[in-house]
Structures are given as structure tokens and as C-alpha cells.
Amino acid sequence: MEGWKRTHHLGALRKSDAGKTVTLMGWVHRRRDHGGLVFLDLRDREGITQVVLYPDLSGESHDLAHQVRSEYVVAIEGVVVERPAETANKDLPTGDIEVRAKRLAILNRAKTPPFQIADEKTDVGEDLRLKYRYLDLRRPELQNNLRMRHKVTSAARRFLEAEGFWDVETPVLTKSTPEGARDFLVPSRLSQTNFYALPQSPQLFKQLLMVAGVDRYYQIVKCFRDEDLRADRQPEFTQIDLEMSFVDQDDVMELMEKMVKVIWKEAVDIAVEGKFPRLGYADALSRYGCDAPDIRFGLELAEITEVVADSDFKVFAQVAASGGAVKGLNAKGAGEALTRKEIDDLAGFVAPFGAKGLAWIRIQPDGQWQSPIAKFLGDKAREGIVKAFSPVPGDIMFFVADKREVANLSLARLRVHLGRRLGLIDDSVLGFCWITDFPLVEWNEEDKRYYALHHPFTSPRLDEAHLMESEPLKVRAKAYDLVLNGTEVGGGSIRIHDRDIQNALFKVLGIGEEEAMEKFGFLLEGLSYGAPPHGGIAFGLDRLCMFLCKADSIRDVIAFPKTQKGTCLMTDAPSAVDDKQLRELGIRLRATAQA
């Protein structure tokens, strides 16, 4: 590169630059050799510029251009000229100009890539793309995703700093406190037989920063959870994490609405209008079957347990008698959209969610009920169903009778499936909503104990705190989740700032005083020294970016993601380490059965 100095990125030049002598550097996106003329489309992260080499103008560089191949790294010096209108490329911001090269230098040659980088979309398998991720990231689609991620973090930082938040780093090597997902453990060489844990979140540290008087903290932070993976989960992920002192639930939620609106405006120039709707947890389960509802369309659920309890349809009657729930939804107009086979196939759709069957009633053009169960429903049941669902000709009502959790989950998934199938979901619409009033704890039948629904540092509603010992399931938490189009993108709560209340919740969770001090003694001590009322929230940065980029998976918005098995195909991590490293850590591996 000696003697060369780049003057412009490859998305910068316009007609107003005609006549300028420029020096450009980048990758060869495409090469077209027309014998006399050689065209090179040069690419960098900012765009593409067409370069032309003429035999009489470029001399030796024209000859050198015949050696150039896709993905070579080159530098050119030349003059910007306006392209004739008939040859302009309206799909490129630089499409009105080209650069007539005087000099060309090959800065680095490239092997033939394992897949085409110039293609807008690729049907290459994801495993191959992840193995050569540094090549995959050259594709404009993923470059744009990384640019979007940068815009989001920059917008969040500017907003929070303007609101008085300090960016404070918290430890990455910390103490294992296994109350949520599994921790990633890190052995200590200097304290053998002891382990650090990688943080699942900075939760306890940010609370202690409030005790320390920091008042408003934020961090764009890596978190780690050793859990089973799927499209929207990674073993390491990034949070926009924050905490505030002397606030209540409304303060946090209102400020975060402002931040989200700023992010959408600055990142994709979309103005998100109005206040976000708020739904109580019980209301969300009742109407949508889940605590992360997609509110962009109807098909809301209704319960008919009581009105069918005495019907002759044994499945409904038995579920009602056993304390279960009979719930359903009315798919408006589905009678004309779905074939009989498609209706029958929906029973298979809900089966993986625990439903043992799916009953249905189609309203015929003459108002008659077509259904295998219609003859078992008397006047009382029919009247109750009509009142709950207001069916008209062309509608199909679907029902699940089972444990309440199964009925809710099955119908929640069916609702979204039908919303897609019937064209009710408009992906240009942003369905933000807050879910509030979560239960503080939930009962785990397998372990015969209570678990915190969010985490064990979430404050109960103070008007219900007196029920924690006697009726803990009736206590609601000061917790709130932000949901977008049926996906939770952020969650937070007001925290417990009183040591006695924290100990009381630990007791409900079956954590005795000795265990509490062993695991959380540093937090309990901190709460004893004048902890202010405080609360916060954490947003999943990867999920936010997935929505903003309209990506199918968070792997498409992370520079170097893991596979669904938690491996990195590029670096071959995790991998074995040598015996010397293990000896230094005081670790001996158990023999494993050979496959």
C-alpha cells in the first residue's frame, strides 16, 4: 500500500464528484472482462462503485486487471465520470457514476470462496456459512445487519446518557448463584476446587450499584446461560441493561417506551406512535393464552368451561369436572378459507403442545352447525358458546379441553398459526405491549417447591406482601415485560430493597438462612446499609435487532454466533484442552463411554 491513500469509501461518490481524482480500495464484488474494457465492481461496507479500465488509459493496470478475480483486495486510482443515462444503475446510490482507472494495485489475492458472496440471497447451508463466517459477513445483507446493530446500541447509549445514566462495567467472573438457568462455570487455578461463574445477568451487581449511590446505571453487556438453544437463543447474548433509584414501575416503563421509540426512529426511521397498551398477566392468559401475546390481530380466546360442564359431550364434561378448562377461539371467515383436511390436520398441529384433541364447529351458510360434536351440545351449551364467540355463517370455532396450561398454550399457538393462514397478521405493524402483575412465585409439582417467576429479587406488591407466607400464589410481583409481535424483548421489575422482605421471599422459595447467606450474603449485607427503592429492566439486544432487520434468527444479527448445539463451527469451540492445562487447574476428566 506504500504510496496509496484511500480518499473515499465505495458508497460515497455521486454525480457532484464528477471530475475528481480518487483513490478507492476494497474487494472485487464482480469482474466483467469485455476484452477491450474490464469492469470491476468494488465493494466495501459502505457500498459498491463501478470501475472501468481502458487499454489506452490504464496501460499496465489494464493488463493486470485480467488477473483479478472475485474477492481480490485491490486499490485503484482514477477519475470520476458521470455515466450516460441509459447505462446508469438506479439500484445503486453510486449508479450515476463510474471511475475510470489510471492505476490498479492488487493488495491481496483470494482463493475461490466456498460460496458466492456477490449474491443478494444465498441458499448455501447455514453450517457452511458459519464455518466461513468472515466471508458470510462480507455479504451486504449481513453487513447491513451489523450496521443496524451499531445504530441500535448508539441510539440507546445517547438516550440513556442524556437521561443521566452512567455506563458502569460489572464483573464477568463472578459467583455461581444457580436459581435460574444453568451457569457456565470457570475453574480457578489459584483457588483450586473452586469455580467462578459467567454471569447470567448483572442483576446483583447493578442492585449493589444502586446501594452505592450510582442512581442510574446502564451497560450493554454480555450474558451467559447454559441452556438448550433454539432460533432466538444463544449461550452468550447481549443485553441493554439498566437500573434506576427512587423509581416505581411506571417510571421505568414510561422511560423505556421513550427509548424504544428513539431506537426505532434512529435505526429505521419509523415513528412509533402512542402509549404502549398494558395487559395484566391474568388478562393476557385469559384472552391470548400466553404472557407474550401478539396483539396485532383478533382471534382472542374465550372460556366456556361452565356452560359445557353439563353437556353430553363427555370430553368437555370430564375436563370441567376435573378442574380443567374448556377454551376456544372463533376463526372468523375460516369456513371458506380452510378445507376439511386442513381443519382435521390442525389436531396434529396442537398435539405437540399437549392437546389430546381439537374440537371444531363450522357455521354453515344457513346458520346450521356442522361438527362431529354438535349433536352432543344441548340448548344451554349452544347458548353459552354463541354468547362467548358470536359466530356467524362462514366462521369456524375451535376448542381445546384439558388442563388450563395445556388449553392456553395449544390455543395460543393455534391462534398465531391461524392468524398467518388467514392473512390477519400485518408484518408492517408493530404490536408493542406491556405485561404486568405477574405472580411473584409459581409452584413446581416435580420439585414440590415454589420458584420465583422472574427472579428471587423481584419485589412483591406491598399491599399483598402479607400473604407471602400463607398464600404465596396470590401475591403479584412488581414486574413488567415488554412484548413485540408475540415475542418478549425486555423484562424487568422493581427490586426488593428491604432485607427482611428479601429474607421472607427466600423462605417462601425454600432457601434457608444459612443457604441464603452462602449464596447471597453480599447482597443481604448491602441491603442492610440503606438501599434505596430501585428497579430496572434488560432488553435483549439480539432480539431487538432481529425485529429491526426482519431476520429469521438472532444468528443473523450476531457477528460470530454459535449453532443450535452451542458450537462455533469457525473456531471449533468448545474443544479439548491438553493435560497440562487441566493439571494446573487441579482437574481430572472422568472417562466417558465411547460411542
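Numbers here simply count residues along the sequence, with the first being 1.
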Exercise for the section: Answer yes or no: is there a side-chain heavy-atom contact under 4.5 Å between Cys223 and Gln200? Expected result: no
Problem - Identified side-chain contact (heavy atoms from CB on, under 4.5 Å) partner of Phe399 from the options Leu411, Ile304, Leu358 - result: Ile304
Problem - Working for side-chain hydrogen bond (donor to acceptor under 3.5 Å, both in side chains), residues Trp434 and Glu257 - result: CA-CA 10 Å; Trp434 289 103; Glu257 282 191 29; 3.0 Å; yes
Problem - Test: Glu141 and Lys550 ion pair at under 4.0 Å - result: no
Handout entry: Presence of salt bridge, Arg233 and Asp542, under 4.0 angstrom
Key = no
Practice task
Ignoring hydrogens and angles, tell me if any N or O in the side chain of Thr567 forms a donor-acceptor pair with the backbone of Thr563 under 3.5 Å.
Solution key: no
Problem - Minimum-distance pair of heavy atoms, taken over all atoms of Leu548 and Met148 - result: O-CE, 3.8 Å
Completion exercise
Nearest heavy-atom contact between Val489 and Arg543 is CG1-CB, 4.5 Å
Problem - Glu342 side chain vs Thr339 backbone, donor-acceptor pair below 3.5 Å - result: yes
Problem - Sequence neighbours excluded, every pair satisfying salt bridge (charged side-chain N to carboxylate O under 4.0 Å, His left out) that has a member inside residues 320-336 - result: Lys332-Asp395
Exercise for the section: Taking all heavy atoms of Thr305 and all of Ala320, pick out the closest pair and write down the distance. Expected result: CG2-CB, 3.7 Å
Practice task
Mind telling me whether Tyr281 and Phe438 have parallel, tilted or perpendicular rings, with 30° and 60° as the class edges?
Solution key: tilted
Practice task
Not counting sequence neighbours, list each pair that qualifies as a side chain to side chain donor-acceptor pair (under 3.5 Å) and has a residue in residues 357-369.
Solution key: Arg362-Gln370
Practice task
With the side chain counted from C-beta on, respond yes when Asn145 and Cys545 share a heavy-atom pair under 4.5 Å apart, and no when they do not.
Solution key: no
Problem - Test item: Phe398 and Leu301 side chains (from C-beta on) under 4.5 Å apart, heavy atoms - result: no
Practice task
State, with a plain yes or no, whether a side-chain heavy atom of Tyr480 is found less than 4.5 Å away from one of Gln249.
Solution key: yes
Problem - Residues that Gln203 engages under side-chain hydrogen bond (donor to acceptor under 3.5 Å, both in side chains), provided they are two or more places apart - result: Gln207, His455
Fill in the blank from the handout: Closest non-hydrogen atoms of Ser459 and Ile496, given as atom of the first, atom of the second and distance, are CA-CG1, 3.5 Å
Exercise for the section: Taking all heavy atoms of Ser410 and all of Ala355, pick out the closest pair and write down the distance. Expected result: OG-CB, 3.4 Å
Problem - Donor-acceptor under 3.5 Å (Arg476 side chain, Thr436 main chain) - result: no
Practice task
Can you sort out the partners of Asp215 under side-chain hydrogen bond (donor to acceptor under 3.5 Å, both in side chains), two or more places apart, ordered by chain and number?
Solution key: none
Practice task
Could you check Lys151 against Arg147 for side chain to side chain contact (heavy atoms under 4.5 Å, CB included), going step by step and ending with a plain yes or no?
Solution key: CA-CA 6 Å; Lys151 287 182 178 180; Arg147 179 183 288 107; 4.2 Å; yes
Practice task
Taking only Lys NZ, Arg NE, NH1 and NH2, and the carboxylate oxygens of Asp or Glu, determine whether Arg216 and Asp167 approach each other closer than 4.0 Å.
Solution key: no
Practice task
Tell me, please, whether Phe560 has Arg555 positioned over its six-membered ring: NZ or CZ under 6.0 Å from the ring centre and within 45 degrees of its axis?
Solution key: no
Problem - Donor-acceptor pair, side chain of Ser286 and main chain of Asp283, under 3.5 angstrom - result: no
Problem - Check: Leu482 and Val260 side chains under 4.5 Å, non-hydrogen atoms - result: yes
Handout entry: Charged N-O contact under 4.0 Å between Arg133 and Asp136
Key = yes
Problem - Under 3.5 Å donor-acceptor, Lys478 side chain and Asp248 backbone - result: no
Handout entry: Pairs involving residues 289-302, ordered by first then second residue, that meet side chain to side chain donor-acceptor pair (under 3.5 Å) (sequence neighbours left out)
Key = Arg287-Glu300, Tyr288-Glu300, Asp294-Arg296, Arg296-Asp427, Arg296-Asn485
Exercise for the section: Find out whether Pro293 and Leu279 are in side-chain contact, i.e. whether some heavy atom of one side chain is under 4.5 Å from a heavy atom of the other. Expected result: yes
Handout entry: Shortest non-hydrogen separation from Ala331 to Leu422 and the atoms involved
Key = CB-CD1, 4.1 Å
Exercise for the section: For the residue pair Phe316 and Ile373, establish whether any side-chain heavy-atom pair is separated by less than 4.5 Å. Expected result: yes
Exercise for the section: Decide yes or no on ring pair (Phe, Tyr, Trp, His ring centres under 6.0 Å) for Phe432 and Trp264, but give the supporting numbers first. Expected result: CA-CA 12 Å; Phe432 285 104; Trp264 250 258; 5.3 Å; yes
Practice task
Please assess Ile363 against Ile396 for the test side chain to side chain contact (heavy atoms under 4.5 Å, CB included), listing each intermediate value before the final yes or no.
Solution key: CA-CA 6 Å; Ile363 310 300; Ile396 303 179; over 6 Å; no
Donor-acceptor pairs are to be reported for all side-chain atoms of residues 237-244 against protein atoms at under 3.5 Å, with residues two or more places apart or in another chain.
unit_1	atom_1	unit_2	atom_2	d
Thr238	OG1	Arg149	NH2	3.2
Gln239	NE2	Asp241	OD1	3.2
Asp241	OD1	Lys206	NZ	3.0
Asp241	OD2	Lys206	NZ	3.4
Asp241	OD2	Tyr217	OH	2.8
Glu243	OE1	Lys206	NZ	3.4
Glu243	OE1	Arg495	NE	3.4
Glu243	OE1	Arg495	NH2	2.9
Glu243	OE2	Arg495	NE	2.8

Problem - Test salt bridge (Lys or Arg N to Asp or Glu O under 4.0 Å) applied to Arg225 and Asp183, step by step - result: CA-CA 6 Å; Arg225 292 179 188 171; Asp183 287 327; over 6 Å; no
Problem - Salt-bridge present (Lys562, Glu236; N to O < 4.0 Å) - result: yes
Exercise for the section: Keeping the roles fixed (side chain from Arg382, backbone from Ala374), state whether a donor-acceptor pair exists under 3.5 Å. Expected result: yes
Practice task
Go through Phe547 and Thr487 one step at a time and tell me if the side chain to side chain contact (heavy atoms under 4.5 Å, CB included) criterion holds.
Solution key: CA-CA 10 Å; Phe547 276 105; Thr487 298; 3.7 Å; yes
Exercise for the section: Show your working on salt bridge (Lys or Arg N to Asp or Glu O under 4.0 Å) between Glu303 and Arg404 and close with a plain yes or no. Expected result: CA-CA 10 Å; Glu303 183 166 351; Arg404 184 170 299 277; 2.8 Å; yes
Practice task
Answer yes or no: is there a side-chain heavy-atom contact under 4.5 Å between Arg461 and Glu464?
Solution key: yes
